[in-house]
Protein chains: 2
Amino acid sequence: MMTADGRHRARRGEGDRLRGEILAAAEQLLIETADESAVSIRAIADRVGVTPPSIYRHFADKEALLRAVCREVFIRLDDTLEKAATGATNPFDELLRKGQAYIQFGLAHPENYRILFMLKQTHKAPPDGVADTDLPGSNAFLHLQDTIQRVIELGGPDAPKPDAYTMTCSVWTAVHGITSLRIAMPDFPWPSIDEQLEMVTAPWRQAICPNEHRQPTARRARQRAK
Amino acid sequence: MMTADGRHRARRGEGDRLRGEILAAAEQLLIETADESAVSIRAIADRVGVTPPSIYRHFADKEALLRAVCREVFIRLDDTLEKAATGATNPFDELLRKGQAYIQFGLAHPENYRILFMLKQTHKAPPDGVADTDLPGSNAFLHLQDTIQRVIELGGPDAPKPDAYTMTCSVWTAVHGITSLRIAMPDFPWPSIDEQLEMVTAPWRQAICPNEHRQPTARRARQRAK
DNA sequence: TGTACATCAGTGAACGCGCGTTCACTGATGTAC
DNA sequence: TGTACATCAGTGAACGCGCGTTCACTGATGTAC
């Protein structure tokens, strides 16, 4: 028997092939249509070239499928942030790079970002019996907390020592604010992202690294790169 | 002829009565069900005690209805912020109060907040021929910009003088981040809102009012209130 | 004051649609003899 | 090497559902004479 569009069906051991194609198609649809409601079981099946019921051989229901998509996107987000961090010259620089990468990731894949952080958390609920810490989303968070811990330790003995966890939440919250508001209101006359990041971080830089001179972000980054 | 649930229908001049009831029902449904998809023409009509087609005598289509709901919510948000500002002892205090009120407003009416700032901007597009500045949403923004202008002027001659518009966007973005991430992920172990606000504003307070002593927000507020 | 009439707010039935999901099935693939 | 058989990935048809919207209508309200 052939698949609807002429592909041969998966062999015995290849059950995961279609599974992967389904996930890829779901993500593709999210990106292309930029419309969560366009991502239906039927549309996904269509895109893969398969009939809707065959989805159910790989996912219990739509909910489980979306949960799997979230998992993929979380992993990709974490990867992106970690890659962005390599090559940083110091923890503060690393934090800045991660922030920029986070925003760029969200703006480049707005509907993916949307299902992670702008919808009800249903899709993100762990399947029964899986601890929160096993979720790929928390990896990105823990990695960020790492960076921030090092930023805090960077400060001189007189610098304020905020709680790393609270500060991680605040940083996340800040970049999420920039990202999600732009996704929701792309037509608003936003200032440039660099301006916004500079405005948010400038006094922090001052407070945490009080012995450095205040300079525009971009200039500092360029100087460090030398 | 009587309405479906026994109310008398509106008299000639009272066309706006049902209109108002429809808007109220739509908002009620958003709040109660906390589920945008539960707000259908049919559900709204049911709630009002009227048949679905009668909605169309008051709104061209569902889109127009949601636009009207947004308008109402924007007005209420602006009111809430302005009320929160009265009684502030200085511009910085005013800004803080507005920030707190904004977050509380969002958390108290999460689905209302959601349709304003977490969905695609379709509902918020002005009807043809209406300038952006006529939208009630921009009132709240302009009022906030006012406050921030005064905060900036509060700083001594040596304090940094950031651009008021950019800074307004940043403040909005910051409180939106706190609000929307909590709405999307209510089960995350967030720090307290006060902690988060303090963490975001502390270095700013330092930078803008460098001649004041740094103190925890709450303590300062209490002292001022005396 | 009484009557004929126009208005128009709201009705009731129906439309076509796309959705998630189910069910019994088919037939290519792999395996045992 | 050839054949009978079990497996199970994917099919095709159908389900019931709630949705937004349309249409011709009804009958209470207000008005003109």
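Just so it is clear, the values below take in all heavy atoms, side chains as well, and ignore hydrogens, waters and symmetry mates. By convention in this document, chain letters (A, B, ...) are assigned in the order of the sequence lines, proteins followed by strands, and residues within each chain are numbered from 1.
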Need to verify one output field. Residue with the more 5' nearest nucleotide on DNA chain D, B/V39 or A/S54? A/S54
Over how many whole Å does the gap from [X] atom [atom1] to [N] atom [atom2] extend?
{"X": "A/F59", "N": "C/dG20", "atom1": "CZ", "atom2": "C1'", "answer": "15 Å"}
{"X": "A/L18", "N": "D/dA9", "atom1": "CG", "atom2": "P", "answer": "10 Å"}
{"X": "A/E63", "N": "C/dT21", "atom1": "CD", "atom2": "P", "answer": "9 Å"}
{"X": "B/Y56", "N": "C/dA9", "atom1": "OH", "atom2": "P", "answer": "17 Å"}
{"X": "B/R57", "N": "D/dC23", "atom1": "CZ", "atom2": "P", "answer": "13 Å"}
{"X": "A/I55", "N": "D/dG12", "atom1": "CD1", "atom2": "P", "answer": "15 Å"}

Heavy atoms, side chains only, cut-off 4.5 Å: are A/I44 and A/L65 in contact? yes
State whether A/D93 and A/R97 are salt-bridged, where the test is any N-O pair (Lys NZ or Arg NE/NH1/NH2 against Asp/Glu carboxylate O) under 4.0 Å. yes
What residues form a side-chain hydrogen bond (donor to acceptor under 3.5 Å, both in side chains) with [X], not counting sequence neighbours?
{"X": "A/E111", "result": "A/R114, B/K120"}
{"X": "A/D163", "result": "A/T166"}
{"X": "B/S37", "result": "B/D35"}

Could I get the full list of salt bridge (charged side-chain N to carboxylate O under 4.0 Å, His left out) partners for [X], not counting sequence neighbours?
{"X": "A/R182", "result": "none"}
{"X": "A/R76", "result": "A/E27"}
{"X": "A/R150", "result": "A/E94"}

For a stem of at least 3 consecutive Watson-Crick or G-U pairs with distances under 3.5 Å, i pairing with j, i+1 with j-1 and so on, which stems involve DNA chain D? C:2-33 with D:2-33
Return no unless some side-chain N or O of B/H58 is found under 4.0 Å from OP1 or OP2 of C/dG10. yes
Sorted by position of nearest nucleotide on DNA chain C, 5' first, the leading residue of B/P53 and A/P52 is B/P53
Residue pairs involving residues 24-52 of chain B (criterion ring pair (Phe, Tyr, Trp, His ring centres under 6.0 Å); sequence neighbours excluded): none
Could I get a table of every N or O pair under 3.5 Å where one atom is in the protein and the other is in nucleotides 17-19 of chain C?
residue : atom : partner : partner atom : Å
C/dC19  : OP1  : A/S40   : OG           : 2.8

